[in-house]
Number of protein chains: 2
Amino acid sequence: MRGSSRVMAEPKSSAHLFAALGDGTRLRLVSRLCDGGPMSISRLTAGSRVTRQAITKHLRVMEDAGLVHSTRRGRERIWRLDRRRLREARRHLDLISKQWDDALGRLKAAVEAD
Amino acid sequence: MRGSSRVMAEPKSSAHLFAALGDGTRLRLVSRLCDGGPMSISRLTAGSRVTRQAITKHLRVMEDAGLVHSTRRGRERIWRLDRRRLREARRHLDLISKQWDDALGRLKAAVEAD
DNA sequence: TCCATAGGCAACCTCCTGGTTGCACATTAA
DNA sequence: TTAATGTGCAACCAGGAGGTTGCCTATGGA
C-alpha cells in the first residue's frame, strides 16, 4: 500500500481542532463570539448555565486548539475567535471529501471487470 | 439581544459529530476507509497500533455520530463511511463562517462612528 | 480610600474515554 | 470434524475532561 493518507499530514492538530469543537458548551461559545463579537469572560458566563471557571477552562481548551485568543483590557480579558483555524477545519473536511472522491475514482477505474 | 444563534439549532448533534472526529485514531480510520473503501475490523486493525477492541470501540463511537455504519458479511463485519454526515459537518462550519460574516457586517454598520 | 467587579489559581470530585485482557461464539477452510 | 480466523462481550484500569468551590489579586469608580 502506497503512502495511504495524504490527509493525515497533520492528524494531531486536526484532531485537536475537532476535539475543541466537539463540546456543546464550546460550540455555544463559538456561536456567541460570532454573534456578539469579542467579549469578556463575565459576559460569556452570563449567557451560560455553568460557572465562570468552567467557561475559562473551555476558553483555554479552545485557545490551545488555536480557535480563540485573548487580550487583556483593564481588568477584563477579551476573547475573540481566530478565523483562520476555523477555515483550516473546513479545509480539512474538504480534503477528506476530496480524498474520498479520488478513492472512488480509482475504485471505479479498477473495477471495470464488474 | 434577539435570538442570538441560529447556528445552534442542533448543537448537541454537531458537538457529537465533531467529537467523533476529534481523535487521532478515529481520524486515521476515516482516512483509511476513504482510501481503501469499506473493510473489515481486522483489516482496519492491521494498519493500527492499537488492539482490535480499541478499533471496535472507535468504530462504535463513529457509528453513534452517524459517520460510519456496518453490515455483516459472513463472519466479518464490513464498515463504510457515511458521506452525508461528513457533509453536515462541513455545512455546520460553513454556517458558522456565514454567521460570522453577518455579524461582522452588522458590526461595521453599527460602528460607523469610529 | 474603600468597595464592588473581573479574573487567576489550586484543590477536589465524578464520569467518560481510550485502551487492554480473557473468554466465548460463529464461520470458514482443510 | 477440526483448527484457524473474525467478532462480540464484559471486566478492569489509568488518566483526562468537565465542573464546582474557596480564596487571593488587580482594577475601576464613588
Side-chain angles (χ1 to χ4, degrees), chain A residues 8 11-33 36-81, chain B residues 8 11-33 36-81:
Chain A
M8 301 310 298
K12 194 154 50 181
S13 66
S14 288
H16 237 84
L17 186 50
F18 287 126
L21 290 171
D23 176 277
T25 304
R26 288 200 286 270
L27 228 40
R28 245 165 271 140
L29 287 177
V30 167
S31 200
R32 289 206 60 196
L33 285 176
M39 64 182 89
S40 71
I41 299 180
S42 299
R43 275 190 64 196
L44 283 172
T45 302
S48 177
R49 279 170 304 292
V50 295
T51 316
R52 171 178 60 85
Q53 286 307 320
I55 298 294
T56 298
K57 283 194 181 181
H58 282 300
L59 287 170
R60 191 109 56 195
V61 170
M62 294 166 73
E63 183 179 35
D64 284 346
L67 269 175
V68 297
H69 62 274
S70 68
T71 54
R72 193 97 201 213
R73 192 175 66 188
R75 65 180 156 179
E76 25 182 53
R77 179 170 293 279
I78 305 297
W79 291 86
R80 41 173 53 79
L81 282 171
Chain B
M8 300 310 296
K12 193 155 47 180
S13 68
S14 289
H16 237 83
L17 186 50
F18 286 126
L21 291 170
D23 177 276
T25 303
R26 287 199 288 270
L27 228 40
R28 243 164 275 141
L29 286 177
V30 168
S31 199
R32 289 205 60 197
L33 285 175
M39 65 182 90
S40 71
I41 300 181
S42 298
R43 274 191 63 196
L44 284 171
T45 303
S48 176
R49 278 168 304 292
V50 295
T51 315
R52 171 180 59 88
Q53 285 308 318
I55 299 292
T56 298
K57 283 195 179 181
H58 282 300
L59 287 171
R60 191 111 55 196
V61 170
M62 294 166 73
E63 182 179 36
D64 284 345
L67 269 175
V68 298
H69 62 274
S70 68
T71 55
R72 193 98 201 215
R73 193 175 65 189
R75 65 182 157 181
E76 21 183 23
R77 178 172 293 280
I78 307 296
W79 291 86
R80 40 174 52 81
L81 283 170

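Note that the structure is predicted; figures quoted are calculated from it, not measured. All heavy atoms count here, side chains included; hydrogens, waters and symmetry mates do not. Chain letters run A, B, ... following the sequence lines, proteins first, then strands; residues in each count from 1.
Between Thr25(A) and dG18(D) there is no side-chain N or O to OP1 or OP2 distance below 4.0 Å. Taking only side-chain nitrogens and oxygens, Thr56(B) never comes nearer than 4.0 Å to OP1 or OP2 of dT7(D). Of the side-chain N and O atoms in Ser42(B), none sit less than 4.0 angstrom from OP1 or OP2 of dT5(D). At least one side-chain nitrogen or oxygen of Thr51(A) sits closer than 4.0 Å to the OP1 or OP2 atom of dT20(D).
At a threshold of 4.0 angstrom between heavy atoms, the contacts of Arg26(B) are confined to the sugar-phosphate backbone, with no base atom among them.
By the 4.5 Å heavy-atom criterion applied to side chains, Arg28(A) and His58(A) are not counted as neighbours. Inter-residue side-chain proximity for Leu67(B) and Leu21(B) is flagged as met; some heavy-atom pair is nearer than 4.5 Å. Contact check for Ile41(B) versus Glu76(B): no side-chain heavy atoms found under the 4.5 Å cut-off.
The nearest whole Å value for the distance from the CZ atom in Phe18(A) to the P atom in dT17(C) is 19 Å. In this structure, Arg77(A) places its CZ atom 5 Å from P of dG8(C), rounding to the nearest Å. Rounded to an integer number of Å, the gap from Arg75(A) CZ to dG8(C) P is 13 Å. Rounded to an integer number of Å, the gap from CZ of Arg52(A) to P of dC9(C) is 11 Å. Atom pair Asp23(A):CG and dG16(D):C1' shows a separation of 14 Å (rounding to whole Å applied). If you take NE2 of His16(A) and C1' of dG16(D), they are 12 Å apart, rounded to a whole angstrom. Summarising the geometry, the separation between CD on Gln53(A) and C1' on dG7(C) is reported as 8 Å, rounded to the nearest angstrom. Here dG7(C) presents its C1' atom at 6 Å from CZ of Arg72(A), a figure rounded to the nearest Å.
Here the nucleotide nearest the side chain of Glu76(A), chosen from dG7(C), dT7(D), dT21(C), is dG7(C). The side chain of Ala54(B) lies closest to dT20(C), out of dT20(C), dT20(D), dG6(D).
Side chain of Thr56(A) to backbone of Arg52(A): a donor-acceptor contact under 3.5 angstrom is found. Panel note: side chain Arg32(A), backbone Leu44(A); a donor-acceptor pair is recorded below 3.5 Å.
Between Arg60(A) and Glu63(A) there is no salt bridge, since no side-chain nitrogen of the basic residue lies less than 4.0 Å from a carboxylate oxygen of the acidic one.
Taking a 4.0 Å limit (strictly below) on heavy-atom distances, residues 58-65 of chain B reaches DNA chain C at His58(B).
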Going through the distances and angles, do Leu59(B) and Ser70(B) end up as a side chain to side chain contact (heavy atoms under 4.5 Å, CB included)?
-> CA-CA 9 Å; Leu59(B) 287 171; Ser70(B) 68; over 6 Å; no

